[in-house]
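Working notes, structure below.
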Amino acid sequence: MNIATALKDLRLEANLTQKELAKKLNIGQSTIAQYEKGEREPTVHNLTLYCDFFGVTVDYLLGREDDTPANVHTPTTSEHTEAERELLTLFRELSPYLQELTLQTVRSWAGKAGKPSEVNMQKKA
């Protein structure tokens, strides 16, 4: 399987249109279409967005693993409360910098403060 096929298959398995996925990943619908047609290769950043969203590895997307890993979890809205869905929707609308600040704040509230990511460090420089 090639990367274009893997990306399209994951989207279809999640019952998402290109437009819906584009909004969820905060990338253009035309970009997704080009990826799925094999007209364009995803950036490393966009590969990680796909991997995080669909719960797969980069190796899977690159065809280095034959089957979808057993632990793949396709998110469904029915598994989340209304508040969780709203938080996720709002979070995805934030810039990467504000997403990082939000994560740091929530982690501190939960007592799980981690070190800032590169995004956060770049803004402070």
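- Here the side chains of Q34 and K37 are not in contact, with every heavy-atom distance at 4.5 Å or above.
- At least one side-chain heavy atom of L21 sits under 4.5 Å from a side-chain heavy atom of F54.
- Between the side chain of Q99 and the main chain of F91, a donor-acceptor pair closer than 3.5 Å is present.
- Side chain of T31 to main chain of I27: no donor-acceptor pair is present (N/O by atom type, distance under 3.5 Å, no hydrogens or angles).
- At least one donor-acceptor pair closer than 3.5 Å links the side chain of R11 to the backbone N or O of L16.
- Between Y50 and Y35, the closest side-chain pair of non-hydrogen atoms falls below 4.5 Å.
- For E82, the CD atom sits in a loose shell: 12 or fewer heavy atoms of surrounding residues, nucleotides or ligands are nearer than 6.0 Å.
- Atom CG of L62 and atom CD of E41 lie 8.5 Å apart (nearest 0.5 Å).
- Criterion: ILVMFWY side-chain heavy atoms under 4.5 Å apart, direct or through other members. Under it, L103 and L98 are part of a common hydrophobic cluster.
- Using a 4.5 Å cut-off on side-chain heavy atoms (C-beta onward), R92 and F53 make contact.
- The CG atom of L25 sits 12.0 Å away from atom CD of Q18, with the distance rounded to the nearest 0.5 Å.
- The side-chain heavy atoms of L7 and P42, taken from C-beta on, include a pair separated by under 4.5 Å.
- To the nearest 0.5 angstrom, I3 atom CD1 is 4.5 Å from L47 atom CG.
- Between the OG atom in S95 and the CG atom in L101 there is a gap of 8.0 Å [rounded to 0.5 Å].
- Between T57 and L61, the closest side-chain pair of non-hydrogen atoms is not below 4.5 Å.
- Contact annotation: the side chain of E20 approaches that of T17 to within less than 4.5 Å [non-hydrogen atoms, C-beta and beyond].
- Of the inter-residue distances, the one linking L88 atom CG with R85 atom CZ reads 10.5 Å to the nearest 0.5 angstrom.
- Looking at heavy atoms from C-beta onward, T102 lies in side-chain contact with L94 at the 4.5 angstrom threshold.
- Criterion: ILVMFWY side-chain heavy atoms under 4.5 Å apart, direct or through other members. Under it, I32 and L12 are not part of a common hydrophobic cluster.
- When atom types are taken as modelled, the side chain of E36 and the backbone of A33 share no donor-acceptor pair closer than 3.5 angstrom.
- Looking at every heavy atom in both residues, G28 comes nearest to A22 through C-CB, 3.8 Å.
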